[in-house]
Protein chains: 2
Amino acid sequence: MTVTLADVAARARVSPATVSRVLNGNYPVAASTRERVLRAVDDLDYVLNGPASSLAAATSDLVGILVNDIADPFFGIMAGAAQSEIGGPGDGSGRAGGEKLAVVCNTGGSPARELTYLTLLQRQRAAAVVLTGGALEDPVHQAAMSAKLAKLADAGTRIVFCGRPPIPGGDAVAASLAFDNRGGGRRLTEHLISLGHRRIGYVAGPRERTTTRHRLEGHREAMRAAGLYGEEGGADTHPDVERLTVHGPYDRRSGYEATLELLRRDPGVTAIVAANDTVALGAGAAIRDQGLRIPQDVSVAGFDDLPFSVDAAPALTTVRLPLFEAGARAGRLAMGKETPPPGGIATIAAELMVRGSTAPPRVG
Amino acid sequence: MTVTLADVAARARVSPATVSRVLNGNYPVAASTRERVLRAVDDLDYVLNGPASSLAAATSDLVGILVNDIADPFFGIMAGAAQSEIGGPGDGSGRAGGEKLAVVCNTGGSPARELTYLTLLQRQRAAAVVLTGGALEDPVHQAAMSAKLAKLADAGTRIVFCGRPPIPGGDAVAASLAFDNRGGGRRLTEHLISLGHRRIGYVAGPRERTTTRHRLEGHREAMRAAGLYGEEGGADTHPDVERLTVHGPYDRRSGYEATLELLRRDPGVTAIVAANDTVALGAGAAIRDQGLRIPQDVSVAGFDDLPFSVDAAPALTTVRLPLFEAGARAGRLAMGKETPPPGGIATIAAELMVRGSTAPPRVG
DNA sequence: CTGTTAGCGCATTCAG
DNA sequence: CTGAATGCGCTAACAG
């Protein structure tokens with residue numbers, strides 16, 4: 001029924017091995033022979049049997065890209081960039097040559113699904129795996145991840161982190177590209193402080209995520225350095241630390257509700273910093289629904305600089321992360337097309353983007 | 001080095017066949033034996049060899065979901081919903097049982113890549129393929145697609161369309177879920193007309209896409225019905241038809257630039273309809289940058305009702321598409337968990353969402 | 001440069 | 001209910 005390599009060999013009057021060689025292109029074959037084989041392939045409309053090929057070669061051309069939330073452009077941009085480096089542009093023939101099959105897996109932020117996907121990819125003998133976005137800080141899950149990643153690496157799968165900090169015991173990880181979330185968070189809050197803000201509410205992401213923690217730490221560093229948590233080294237014991245922070249998922253609704261809550265806790269806040277741009281959008285809606293103006297009454301800031309942020313009204317002050325560039329680099333790293341940074345770890349800078357949603361607070 | 005089924009069999013003191021049977025669970029096995037085997041699996045940390053399994057069984061557990069732009073939540077929402085139906089919730093053990101590997105492939109809207117991905121999935125003997133979003137109308141590509149899909153279906157791959165109209169000769173497609181883009185587009189423009197708008201600019205998507213064409217057709221139907229293209233049946237020959245339409249990609253920049261162009265062509269337009277919400281965001285930014293107010297000077301409307309649209313300032317009038325529900329249904333269809341609609345074709349309704357970005361035009 | 005020979009690891013006949 | 005035998009389609013040594 002289905003045409004096999006042997007059929008192609010017969011039609012081209014060569015051995016199966018030769019056909020395999022021209023298809024994989026990793027071995028010298030006479031031009032005339034190759035010609036004949038390729039014609040037979042086209043004539044017969046032959047499609048390589050992936051499983052058989054992977055079994056024999058003990059490797060596959062599958063590359064997995066894990067994301068926390070595929071509906072979030074933050075991940076979509078990185079994944080798309082990685083995929084374009086991995087999948088190659090295609091040759092327009094639709095015939096598919098030595099391309100890898102770059103494939104995105106949506107964990108939904110669930111640790112169990114993350115592990116399950118890794119097992120599934122291990123089962124497929126994936127050539128590489130790219131893990132994007134922040135990690136869960138739960139030690140049990142972290143240990144399980146290290147163990148699983150070690151096994152994958154052991155089986156020849158290349159592991160790359162993108163937008164995720166290195167993990168302890170993560171020798172299996174070929175390269176980690178981490179965003180400077182802490183520095184970005186710090187500079188953002190410094191910006192607000194320099195405008196004159198003193199009471200700043202913070203809508204944080206979900207607890208136990210590295211991204212959440214780092215951005216929040218940056219914020220608090222800036223607050224503390226400005227003496228806004230009490231002049232003494234009292235640091236995180238100041239009541240405002242908890243009072244002006246609300247945690248929630250990375251979505252608009254969380255931003256909306258958390259902002260309402262912050263406004264209730266302290267009607268005198270003059271600025272809201274959100275865990276990311278999506279959350280900031282919800283925060284802005286909440287502020288307007290309270291009859292307040294942005295930025296005259298309350299300033300708003302986000303993080304990531306997603307494409308829609310510049311179009312918000314007013315345009316959103318945020319921290320730009322080079323998501324596309326990072327994703328592309330992760331893709332290249334996964335393909336072995338780029339040498340890993342020294343120590344396997346690179347920190348990617350975050351740039352403050354000051355726009356219309358932040359301004360000095362009203363006097364009085 | 002790597003542990004195989006035979007190793008597990010040896011440790012459990014059974015034959016390889018038995019191990020295979022408990023793992024696949026599709027054959028009676030004594031409870032005590034099963035117990036022993038599962039323990040051996042855990043002890044040895046055995047992971048099934050996917051390629052070998054697929055080769056022997058002539059099918060794989062891979063399910064592909066094709067999207068045009070993974071960075072666009074329009075696709076992300078559908079893909080995530082489909083994936084959650086296909087991948088299952090996972091059992092929290094990370095051990096991975098009979099789960100399918102639901103996987104998202106980003107075509108970037110390129111026909112060549114679309115075909116390449118299908119070939120790659122065919123090569124992997126994918127269990128099912130879900131194609132999301134509008135299709136290219138180029139007849140050559142359509143023919144190539146039908147042929148490729150026929151071959152996939154022939155090899156046992158189930159094909160499902162989600163948010164994509166059926167194609168001619170697409171008997172291979174098990175089910176098509178199409179959005180009522182035309183009806184939605186019509187109702188949206190009817191809404192504007194009922195508010196009193198007469199000169200309405202349209203920022204269309206890329207040419208030759210079904211989604212673009214259907215939405216535009218709906219718009220023009222409404223315009224024509226209201227006599228805004230001349231009272232006679234002159235229909236699409238009225239100069240405004242072309243003058244007040246600008247095509248471009250489905251992104252914010254296109255919305256921005258096209259709107260500038262429309263405003264230049266006819267400073268008297270009182271409303272801008274965008275091909276989708278993302279484009280509408282760019283359109284809104286352009287309008288504001290021209291010193292005009294929304295909706296007092298110019299109304300703006302989008303399509304899709306993506307999550308951010310309700311948070312825009314003012315909130316965006318748009319047409320709601322049940323993306324999550326459609327994606328989930330497509331996922332179930334792909335898994336054979338739901339019976340296809342009669343004729344394999346279902347049209348999904350689009351609901352008009354009137355919000356603050358549209359209002360009656362200024363008098364005078 | 002090309003053909004021959006062996007498996008890769010598993011699912012599935014068949015017997016028992 | 002369980003075991004033994006066979007082959008899925010291909011790649012990778014080896015020879016030539």
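Proteins come first, then strands; the chains are lettered A, B, ... in the order of their sequence lines, and each starts at number 1. It should be emphasised that the depicted structure is a prediction, and the values quoted were computed from it without experimental measurement. Computation of the quantities below employed the complete heavy-atom set of this structure, encompassing side-chain atoms and omitting hydrogens, waters and symmetry-equivalent molecules.
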| request: Would you indicate, yes or no, if C/dT2 has its OP1 or OP2 atom less than 4.0 angstrom from a side-chain nitrogen or oxygen of A/Ser15? | output: no
| said: I want to check one thing: is the phosphate of C/dC8, taken as OP1 and OP2, less than 4.0 Å away from some side-chain N or O of B/Asn49? | reply: no
| request: Look at B/Glu114 together with B/Arg164 and state whether they make a salt bridge at an N to O cut-off of under 4.0 Å. | output: yes
| query | Please give, in whole Å, the distance from C/dC10 C1' to B/Asp7 CG? | reply | 13 Å
| request: Check whether any side-chain N or O of A/Ser20 sits under 4.0 Å from OP1 or OP2 of D/dT11, and answer yes or no. | output: yes
| query | Taking OP1 and OP2 of C/dG3, is either one under 4.0 Å from a side-chain nitrogen or oxygen of A/Thr18? | reply | yes
| note | Side-chain atoms of B/Ala57 come closest, of C/dA11, C/dG9, C/dC10, to C/dA11
| Out of C/dG9, D/dA4, D/dT2, which nucleotide sits closest to the side chain of B/Tyr27? | D/dT2
| said: I'd like to know if the side chain of B/Arg158 reaches the main chain of B/Ala334, judged simply by a donor and an acceptor atom lying under 3.5 Å from each other, with no hydrogens or angles considered. | reply: yes
| task | Measure from CG on A/Asn24 to C1' on D/dA12 and round the result to the nearest Å. | result | 11 Å
| field | Atom pair distance, as rounded to whole Å: CG in B/Leu23 and P in C/dC10 | value | 9 Å
| said: Quick check on D/dT11: is either OP1 or OP2 less than 4.0 Å from any side-chain nitrogen or oxygen of A/Ser53? | reply: yes
| B/Thr33 vs D/dC1: side-chain N/O to OP1/OP2 distance below 4.0 Å | no
| query | Would you say B/Thr116's side chain and B/Ala112's backbone share a donor-acceptor pair under 3.5 angstrom? | reply | yes
| said: Heavy atoms only, 4.0 Å cut-off, all strands: where does B/Val14 land among base, sugar-phosphate and nothing? | reply: sugar-phosphate
| request: Name the residue closer to the 5' end of DNA chain C, choosing between B/Ala17 and B/Ala52 according to the nucleotide with the nearest heavy atom. | output: B/Ala52
| field | Rounded distance (Å) that lies between atom P of C/dC8 and atom CZ of A/Arg123 | value | 21 Å
| message | Check this for me: A/Glu35, atom CD, are more than 12 non-hydrogen atoms of other residues, nucleotides or ligands nearer than 6.0 Å? | response | no
| query | For the pair made of CG in A/Leu48 and P in D/dG9, what is the distance, rounded to whole Å? | reply | 12 Å
| Side chain of B/Pro28: nearest nucleotide among D/dA13, D/dC1, C/dG9? | D/dC1
| field | Earlier contact from the 5' end, DNA chain D, for B/Arg34 and B/Ala56 | value | B/Arg34
| Considering all heavy atoms, the nearest B/Ala102-B/Ile86 contact | CB-CG2, 3.6 Å
| message | Base, sugar-phosphate or nothing for B/Leu5? Non-hydrogen atoms, less than 4.0 Å. | response | sugar-phosphate
| task | Mind calculating the distance between CZ (A/Arg21) and P (D/dA12) to the nearest angstrom? | result | 10 Å
| remark: In whole angstroms, the gap separating P of D/dC1 from CZ of B/Arg13 amounts to 21 Å
| task | Provide, to the nearest angstrom, the distance between the CG atom belonging to A/Leu55 and the C1' atom belonging to D/dC8. | result | 9 Å
| task | Using modelled atom types only, decide if a donor and an acceptor are shared between the side chain of A/Ser60 and the backbone of A/Gln124 within a distance under 3.5 Å. | result | yes
| request: Please evaluate the base of D/dG9 for a donor-acceptor partner in the side chain of B/Arg125 within a cut-off of under 3.5 Å? | output: no
| said: Categorize B/Ser54 for me: base, sugar-phosphate, or nothing, with a 4.0 angstrom heavy-atom threshold over every strand shown. | reply: nothing
